[in-house]
Amino acid sequence: MVEIRGLHKSFGPLAVLRDIDLTMAAGSVTVVLGPSGSGKSTLLRCINHLEKPERGRVRVDGELIGRRRASNHLYELGERQVLRQRTGIGFVFQSFNLFPHLTAVENIAEAPISALRRPRAEAHRRARELLARVGLADKVDAYPRQLSGGQQQRVAIARALALDPKLILFDEPTSALDPELVGEVLDVMRDLARAGTTMIVVTHEIGFARELADTVVFLDEGRVIEQGPPAEVLDHPRHDRTRAFLSKVLA
Amino acid sequence: MSLLSSARRTSAHPPTAPPLPDELVVVPARHPWRWIAVAAVLVLLAQFLHGLATNPGWEWGTFAGYFFEKSVMEALLVTLELTFAGAVLGFLGGIVLAPMRLSGNPVLRAVSWAYIWVFRSVPLIVQLLFWANLGYLYDRLQVGVPFGPGFFSVGTSQLVSAFGAALLGLALHESAYAAEIVRAGILSVDQRQREAAAALGIPRLRQFRRILLPQAMRAILPNAANELVNLLKSTSVVYVLAIGELFYQVQVIYGRNGRVVPLLLVATVWYVVLTAVLSVLQHYTERRFSRGYAR
Ligand SMILES: Nc1ncnc2c1ncn2[C@@H]1O[C@H](COP(=O)(O)OP(=O)(O)O)[C@@H](O)[C@H]1O
Ligand SMILES: [Mg+2]
């Protein structure tokens, strides 16, 4: 489903991702771990082409993201095509980033209406279904400011789902939440994982990784240091850095 | 002495606080200075109103006679037309120039920057006189291939009437200011909003219209209202082109009858009334765009 080959990204002189090779199967859950600044967010942002990598390529469902290949060259795609590709890739941000001037249902229906040209009534009906699915059927007309952090993040997940994406990327979806609100968001993500959604999740919730991840990837200084099933990487890490990181997170 | 002895007594017997009753009465803070300020303001206001009423120099009779006079009404209409057209054209220009100035394209950025620089530098009155004298520089304007043959041409003075020159000047001038107001509004929106919209694949123009602009409006509106009031009064500068707007018209009248003060008062009161109307509109528009922001 997702295939990353030789991905390289730097900001000026700072190499943030170096030679990343990763493969994720359809329906799989991949958890990305790593210390702050190791390039986790940048990796996710390269997958939906919010950042443009200098080298390497990303394929989602066989389709090259953000680039077009002709003989030995990769050509940057036009903005319109990139935007179309992004409709197939959901993104859930650490800071929710809901549109504050739109109600919950309008937040969710906006992209289906404007990017997929769905009729308004149908998009709103679907948005209500999705709100019910994340347990917020009674918050249809609430503005983001009237919702708790956990509720906002659940609306943001519903907003990503509204495009029926092949893949959803989560960038620390629970890091901005009060501890007692983390559970409600993880519950929604657990349901998605069990329903066979392909997910790549950056998180420090080791419990979530242990329970649901098919693969855990450990990133450090822009490199994949190790990867494997959670039982291996979390319980028997081979690399010192992974061990040091886990002991801090689990402390 | 009694103070001292009482102090000594308390230190000798550490105070045991009297038992608190269940309900304590809250006494709101008192504001004695507020009442003194109110009194001072009322005295000054009374004095001012007394002066307005009793000083014969204001000539209230003349004022009343001209306030709704036909030529004044017509002039008022011209002022309103100039303000309305100047604001609409100005903000349309601003909505184009501001994203240009923020765009990734260096050519667009430079063009917008240069435009704003030039049109903010030239005083409005100077610019108006330039446009009015365009015929002196170019007596015919033609459409055609650059440096090549022309398809058709018109005389400049036919194309640019005095009113046209005034409108052109106001619109170009306003665009530069509006561009900065709109740009400030766009910059006030969290960068992550645009990113969220881009991640959802929302088309570019729609991102601007549906996501960015409505949020930017909250920062744009107070400044835009300010600019609109400014524009309303700037239209009085157009008198240099002998266009019959409000200020020009009262000058014409007092030039004839010598009643300077009451006629200036006619213009002043109209400007005050129009500004009040704009303020009311501003209030309701701001309320409309604060949707979703609890206050
Ligand atoms: N737009 C940017 N410009 C410059 N440096 C950036 C930018 N985005 C991220 N970085 C840098 O790249 C490194 C990796 O960032 P990030 O991917 O956000 O790490 P993580 O999500 O793992 O904490 C950090 O050192 C960060 O400062
Ligand atoms: Mg991050």
Side-chain angles (χ1 to χ4, degrees), chain A residues 41 44-45 47-51 66 78-104 106-117 141-147 152 155-156 159-165 168-171 176, chain B residues 95-96 98-100 102-109 181-182 184-224 282-295:
Chain A
S41 299
L44 291 192
R45 293 161 59 85
I47 295 175
N48 77 347
H49 215 61
L50 277 176
E51 301 288 357
E79 184 177 5
R80 213 180 260 262
Q81 286 149 300
V82 176
L83 287 169
R84 185 192 53 74
Q85 290 185 329
R86 289 205 191 110
T87 61
I89 306 172
F91 201 110
V92 176
F93 297 88
Q94 178 175 354
S95 48
F96 330 136
N97 302 357
L98 293 178
F99 306 129
H101 59 302
L102 302 181
T103 61
E106 288 169 337
N107 261 280
I108 298 169
E110 173 55 30
I113 292 170
S114 62
L116 301 183
R117 309 208 158 275
D141 292 319
Y143 286 99
R145 227 153 269 215
Q146 298 161 338
L147 301 173
Q152 288 190 50
V155 174
R159 181 171 74 170
L161 288 172
L163 291 165
D164 297 314
I168 307 186
L169 310 171
F170 294 84
D171 192 359
Chain B
I95 284 182
V96 173
M100 275 171 69
L102 293 169
S103 97
N105 180 332
V107 178
L108 292 183
R109 229 167 32 223
I181 290 173
V182 173
I186 294 174
L187 289 178
S188 77
V189 179
D190 191 332
Q191 176 63 27
R192 290 176 293 190
Q193 287 290 309
R194 217 191 80 85
E195 205 156 73
L200 286 163
I202 297 172
R204 185 70 172 272
L205 196 62
R206 177 90 174 181
Q207 288 179 22
F208 182 70
R209 253 193 36 236
R210 171 86 165 153
I211 309 297
L212 286 190
L213 206 52
Q215 296 186 60
M217 280 312 263
R218 274 166 37 87
I220 290 175
L221 279 174
N223 293 323
Q282 174 184 4
H283 174 77
Y284 284 103
T285 324
E286 281 181 15
R287 205 164 65 176
R288 156 129 178 47
F289 279 97
S290 65
R291 196 159 91 91
Y293 297 86
R295 205 170 306 157

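Letters A, B, ... are given to chains in the order of the sequence lines, protein chains preceding strands, and every chain is numbered from 1.
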Among residues 188-195 of chain B, residues within the sub-4.5 Å heavy-atom range of chain A, in order of number, are R192(B), Q193(B), E195(B)
Using distance alone, with no hydrogens and no angle criterion, decide if Q81(A) and Q85(A) have a side-chain donor and acceptor under 3.5 Å apart.
no
Got F96(A) and L147(A) here, is their nearest side-chain heavy-atom distance under 4.5 Å?
no
Does R109(B) CZ have over 12 foreign heavy atoms under 6.0 Å away?
yes
Taking side chain as everything from C-beta outward and backbone as N, CA, C, O, which of these in N97(A) sits under 4.5 Å from a heavy atom of chain B? Side chain, backbone, both or neither.
both
Heavy atoms only, distances under 4.5 angstrom: which of A115(A), A160(A), A142(A) has the most pairs with chain B? Name it, please.
A115(A)
F93(A) versus chain B, the contacting section by heavy-atom distance below 4.5 Å:
side chain
Is R86(A) reaching over with its side chain to a backbone N or O of I202(B), donor-acceptor style, under 3.5 angstrom?
no
Nearest heavy-atom approach of F99(A) to A196(B) is CE2-CB, 4.1 Å
Are any non-hydrogen side-chain atoms of R210(B) and I113(A) less than 4.5 angstrom apart?
no
Is I89(A) in contact with chain B via its backbone, its side chain, both, or neither, using a 4.5 Å heavy-atom distance?
backbone
Honestly, the part of L98(A) sitting under 4.5 Å from a heavy atom of chain B is backbone
Under 4.5 Å from any heavy atom of chain B, what part of R45(A) do you find: side chain, backbone, both or neither?
side chain
Where on R291(B) is there a heavy atom nearer than 4.5 Å to chain A: the side chain, the backbone, both, or neither?
both
Donor-acceptor side-chain pairing of S114(A) and E110(A) below 3.5 angstrom:
yes
To the closest 0.5 Å, what do you measure between CD (Q94(A)) and CG (L44(A))?
11.5 Å
For each of P100(A), A111(A), G88(A), tally heavy-atom pairs with chain B at distances under 4.5 Å, and name the one with the top tally.
P100(A)
Report the distance from atom CD of Q207(B) to atom CG of L213(B), rounding to the nearest 0.5 Å.
13.0 Å
Picking from I168(A), N48(A), I47(A), what satisfies side chain to side chain contact (heavy atoms under 4.5 Å, CB included) with F91(A)?
N48(A)
